[in-house]
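Take a look at the structure below.
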Amino acid sequence: MNFSEVFKLSNQLCKFSPDGKYLASCVQYRLVVREVGSLQILQLYSCLDQIQHVEWSADSLFILCAMYKRGLVQVWSLEQPEWHCRIDEGSAGLVASCWSPDGRHILNTTEFHLRITVWSLCTKSVSYIKYPKACQQGITFSRDGRYLALAERRDCKDYVSIFVCSDWQLLRHFDTDTQDLAGIEWAPNGCVLAAWDTCLEYKVLLYSLDGRLLATYCAYEWSLGIKSVAWSPSSQFLAVGSYDGKVRILNHVTWKMLTEFGHPAAISDPRVVVYKEAEKSPRGALGRPACPPPRAAESKYEIAAVPVSLQTLKPAADRANPKIGVGALAFSPDSYFLATRNGDFQVLSLCWPVTGDSLALLSKDHFCLCFLETEDGALGQLGDHT
């Protein structure tokens with residue numbers, strides 16, 4: 001594994017474009033767009049204030065920069081650098097901003113979650129959606145981009161509304177059997193909507209699009225419950241990450257648990273292969289170590305003998321939101337593999353482009369790209385920058 005030079009970063013705002021060709025990073029009020037292959041700067045944009053959120057459109061042609069403190073959103077075009085759009089929510093304020101799947105509408109959530117404003121970049125029209133709930137994951141789009149599911153709170157009760165994205169008209173509306181709805185997630189095939197309750201109540205509910213409750217799942221009671229949820233791309237499996245450090249996999253036929261995976265602090269199973277990162281020493285002529293080394297340090301992975309103890313962080317029990325439980329889940333595109341992250345691993349953040357040939361590693365105020373050597377020993381495209 002080899003690494004690029006280190007670049008400055010603010011608030012861990014670093015995003016690959018959906019097509020994997022570009023990398024956008026933010027430094028205070030500046031937006032920097034680089035080509036992933038060469039890391040050369042393609043475009044440099046200046047926003048009106050410090051950027052707090054950045055997001056690519058689905059077609060990788062536009063970039064959204066949100067400045068929540070100012071209630072502003074600025075949109076930049078990659079193909080036409082001279083074009084830009086500015087959206088000012090004014091006194092309504094701004095707490096969240098995202099793209100619609102078509103990449104031509106922006107959904108802004110106002111302060112106190114009073115409403116969602118839908119702005120069209122093509123027609124400059126504006127639509128409003130009322131009663132959005134302030135929750136962990138209250139907006140989810142169907143995979144084909146035709147429908148929007150929204151978590152709502154009305155009269156002290158939770159609801160889900162489904163809208164048609166072509167005209168933002170209401171299609172379905174039903175209540176949910178939850179105390180305090182924490183999030184919703186649409187299955188990739190668009191047939192089932194998963195909803196889960198507050199972390200104080202372990203409950204996953206599966207709904208059909210007409211509002212029928214298909215199944216309810218509960219793993220345990222009287223303890224912190226669900227922290228993350230993810231569908232497999234095939235829609236056959238639903239992964240549920242919990243505060244007890246385990247991931248439970250539900251099947252799409254009976255909605256019963258197929259299996260569960262833990263995050264042990266020590267690995268002793270001889271069937272598990274553990275790879276440990278080690279520094280690769282550059283070699284000179286006749287196999288002698290080169291001095292000085294001709295390039296930055298490179299790394300390799302060696303198979304470690306089990307048992308292996310993993311480094312973990314002890315959560316602060318006297319503080320709110322302790323770093324415990326499985327908070328990140330990601331299926332591979334073929335649904336064969338599932339990656340999980342427990343709250344006590346020493347990982348800050350990372351992101352992977354769709355091409356899979358590089359990986360961005362993010363710290364608090366810096367980032368770099370890393371890439372793997374190919375099987376024949378050749379280096380990736382970033383070799384000249386290590």
Side-chain angles (χ1 to χ4, degrees), residues 15-16 18 55 58 96 98-99 101 133 135-145 147-151 160 176 178 181-199 201-209 214-220 224-263 321 323-345 347-354 356 359-360 362:
K15 298 286 183 65
F16 285 102
E55 186 175 326
C98 68
W99 287 102
K133 181 176 182 180
C135 60
Q136 174 186 346
Q137 189 173 328
I139 296 178
T140 179
F141 290 95
S142 60
R143 182 63 60 90
D144 59 11
Y147 304 108
L148 161 69
L150 176 69
V160 169
T176 61
T178 52
L181 182 63
I184 52 177
E185 180 68 28
W186 218 311
N189 62 10
C191 296
V192 181
L193 188 70
W196 59 99
D197 214 332
T198 171
C199 63
E201 179 80 12
Y202 198 117
K203 183 187 291 186
V204 180
L205 306 109
L206 291 308
Y207 288 96
S208 64
L209 298 192
L214 302 176
T216 301
Y217 174 75
C218 176
Y220 54 80
L224 291 178
I226 299 169
K227 191 171 185 179
S228 56
V229 171
W231 286 98
S232 67
S234 65
S235 301
Q236 293 177 303
F237 310 107
L238 180 65
V240 183
S242 310
Y243 277 90
D244 65 351
K246 294 182 179 180
V247 181
R248 294 167 175 86
I249 309 298
L250 310 184
N251 75 81
H252 74 302
V253 178
T254 64
W255 302 114
K256 303 294 184 181
M257 187 182 72
L258 286 176
T259 186
E260 68 178 24
F261 304 103
H263 277 264
N321 301 316
K323 294 183 178 181
I324 59 175
V326 181
L329 302 167
F331 278 94
S332 61
D334 57 10
S335 302
Y336 276 28
F337 302 98
L338 172 66
T340 68
R341 185 188 69 196
N342 203 31
D344 58 358
F345 289 178
V347 178
L348 194 57
S349 185
L350 54 84
C351 55
W352 207 327
V354 68
L359 184 70
L362 283 59

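- If you take OG on Ser232 and CG on Asn251, they are separated by 10.5 Å, rounding to the nearest 0.5 Å.
- The CD atom of Gln136 sits 9.0 Å away from atom SG of Cys199, with the distance rounded to the nearest 0.5 Å.
- Screening residues 236-246 for salt bridge (charged side-chain N to carboxylate O under 4.0 Å, His left out) gives Asp244-Arg248, Lys246-Glu260 as the qualifying pairs, with residues at least two apart or on separate chains.
- Listed by chain and residue number, His53, Val54, Trp56 satisfy the side-chain contact (heavy atoms from CB on, under 4.5 Å) test with Lys15 (two or more places apart in sequence, or in another chain).
- Atom-to-atom distance recorded for Glu201:CD and Thr178:OG1 is 10.0 Å, nearest 0.5 angstrom.
- Proximity of Cys98 to Glu55: side-chain heavy atoms (C-beta onward) are separated by under 4.5 Å at one or more points.
- Shortest non-hydrogen contact noted between Gly241 and Leu329 is N-CD1, 3.7 Å.
- How far NZ of Lys203 is from CH2 of Trp196: 15.0 Å, rounded to the nearest 0.5 Å.
- Remark: the backbone N or O of Ala58 is not paired with any side-chain donor or acceptor of Trp99 at under 3.5 angstrom.
- Leu209 has its side chain within reach of Trp186: a pair of non-hydrogen atoms, C-beta onward, lies under 4.5 Å apart.
- Between Ala182 and Cys135, the shortest heavy-atom distance links the atoms O-CB, 3.5 Å.
- Formation of a donor-acceptor pair under 3.5 Å by the Trp231 side chain with backbone atoms of Glu185 is found in this model.
- By the 4.5 Å heavy-atom criterion applied to side chains, Leu258 and Phe237 are counted as neighbours.
- Not one N or O on the side chain of Asn189 forms a donor-acceptor pair closer than 3.5 Å with the backbone of Ser234.
- Test Ile249, Val192, Val204 against Leu238 for side chain to side chain contact (heavy atoms under 4.5 Å, CB included) and you get one pass: Val204.
- Side-chain atoms of Ser228 come within 3.5 Å of backbone N or O of Val326 as a donor-acceptor pair.
- Heavy atoms only, all atoms of each residue included: Phe331 and Pro233 are closest at CB-CD, 3.5 Å.
- Within the model, atoms CD1 of Ile184 and OG1 of Thr140 stand 6.0 Å from one another, a figure rounded to the nearest 0.5 Å.
- Contact of the Ile139 side chain with the Leu148 side chain is registered, since non-hydrogen atoms from C-beta on lie closer than 4.5 Å.
- Summarising the geometry of Leu338 relative to Ala239, their closest heavy-atom pair is CD2-CB, 4.0 Å, with the distance given to 0.1 Å.
- With values rounded to the nearest 0.5 angstrom, Tyr207 atom OH is found 9.5 Å from Leu193 atom CG.
- Here the closest non-hydrogen pair linking Leu181 and Ala195 is CD1-CB, 3.8 Å.
- Put simply, the side chain of Ser142 gets close to the backbone of Tyr147: a donor and an acceptor are under 3.5 Å apart.
- Below 30°, between 30° and 60°, or above 60°: for Tyr217 and Tyr202 the angle between ring planes is above 60°, a perpendicular geometry.
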